[in-house]
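The structure under discussion appears below in the form of structure tokens.
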Amino acid sequence: MGRKRCVGDCSKMAAGCCGVKKQKLSSSPPSGSGGPGGPHCSGESQCRGAELGLGGSGSGPGGSSRVNGLGCNNSLSPGCGTLSSGCGSSLSPVSRKMVVCAEMCCFCFDVLYCHLYGYQPPRTPRFTNDPYPLFVTWKIGRDKRLRGCIGTFSAMNLHSGLREYTLTSALKDSRFPPMTRDELPRLFCSVSLLTNFEDVCDYLDWEVGVHGIRIEFINEKGSKRTATYLPEVAKEQGWDHIQTIDSLLRKGGYKAAISNDFRKTIKLTRYRSEKITMSYAEYLSHRQHHHFQNGIGHPLPPYNHYS
């Protein structure tokens, strides 16, 4: 794009609250608004960045930090579940093997199901346990309304990371009540693995629908704040670069008027993701074929058609 680029160290990046229930944004939000149609961060402790991790909406077990996020629907069909690399990695699936897989979504459903019904947690899964920054997103119903999304920019081993953020996103997303058994048949689960982090010197040096962005800025009170959107958010909302940046500023708690000069002071990190999405029906179908091989210690749940 002809702009100067600075490659950064993602281990020292920080981010704040992000994600929207459902937004429409045709122009920059008015001064003092909390962002279009969704909550903004409340309190410096929620939005202030932390070294070697993510200063998001709180810290999970083991000291990992977490942040709210939002999933997407853009997908290619690999069979069971839907796979997305357009929101994704710098190399296409043809030139680089995708790490994310349908079994990761199945594992998340296993973890949630066992928790809600009081069964023993599922056994260790067979997919890779390599460390990645990750997000778990839950959507519900035919219109796939956001039901919960929390993740971390701190690289976590996938087995423990997905266990943790499955329950964190389903039960502890402050935007929603904890998930219940009755909602299971209508759920869609997405797993996003974040890759290719780059600090850039121009706040416009990223591509809508390809890059996720995390911004760091100084608010009107002189405090450092951060916020992030996953790669698919801007495209789903129909936003351009400026609208996305302004929405993130509001999500990060910035309430003053937003000028172009202020936008130029933002520190921006762009990243990509690999994403897999699976419905509850697909989960049941997958588990019926692999129930014994995967050592699941609980009976398969009965299938109920969602409305």
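One-based numbering along the sequence shown. Computed from a predicted model, the values in this text were never measured in an experiment.
Gly148 and Asp173 make their closest contact through CA-OD2, 3.5 Å (heavy atoms, listed as atom of the first residue, atom of the second, distance). In terms of heavy-atom proximity, Phe262 sits nearest to Leu249 at CE2-CD2, 3.8 Å. Nearest approach of Gln120 to Cys114, heavy atoms of both residues: O-SG, 3.4 Å. In plain terms, the two heavy atoms of Lys139 and Leu146 that are nearest each other are CG-CA, 4.1 Å. What you find for Tyr254 and Ile218 is that their closest heavy atoms are CE1-O, 4.3 Å. The two residues Leu184 and Tyr113 have their closest heavy-atom pair at CD1-CD1, 3.7 Å.
A ring-centre distance under 6.0 Å is found for Trp239 and Tyr229.
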Begin with the C-alpha distance, continue with both residues' side-chain angles, and end with the deciding distance and a verdict on salt bridge (charged side-chain N to carboxylate O under 4.0 Å, His left out) for Glu103 and Arg287.
CA-CA 10 Å; Glu103 189 63 26; Arg287 278 295 178 247; 3.0 Å; yes
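Put simply, the side chain of Val208 reaches to within 4.5 Å of the side chain of Trp206, judged on heavy atoms. Put simply, the side chain of Cys108 does not reach to within 4.5 Å of the side chain of Met278, judged on heavy atoms. Annotation: side chain of Ile258 is not in contact with side chain of Ile242 (no heavy-atom distance under 4.5 Å). Between Arg145 and Arg186, the closest side-chain pair of non-hydrogen atoms falls below 4.5 Å.
When Val191, Val111, Ile150 are each tested for a side chain to side chain contact (heavy atoms under 4.5 Å, CB included) with Tyr165, only one passes: Ile150.
One side chain, Asn260 or Tyr203, offers a donor N or O that lies under 3.5 Å from an acceptor on the other.
Between Phe107 and His159, the angle of the ring planes lies from 30° to 60°, which puts this pair in the tilted group.
For the ring pair (Phe, Tyr, Trp, His ring centres under 6.0 Å) test, residues two or more places apart in sequence or in another chain that qualify with Phe109 are Trp138, Tyr280, Tyr283. Among residues two or more places apart in sequence or in another chain, the salt bridge (Lys or Arg N to Asp or Glu O under 4.0 Å) test is passed with Arg163 by none.
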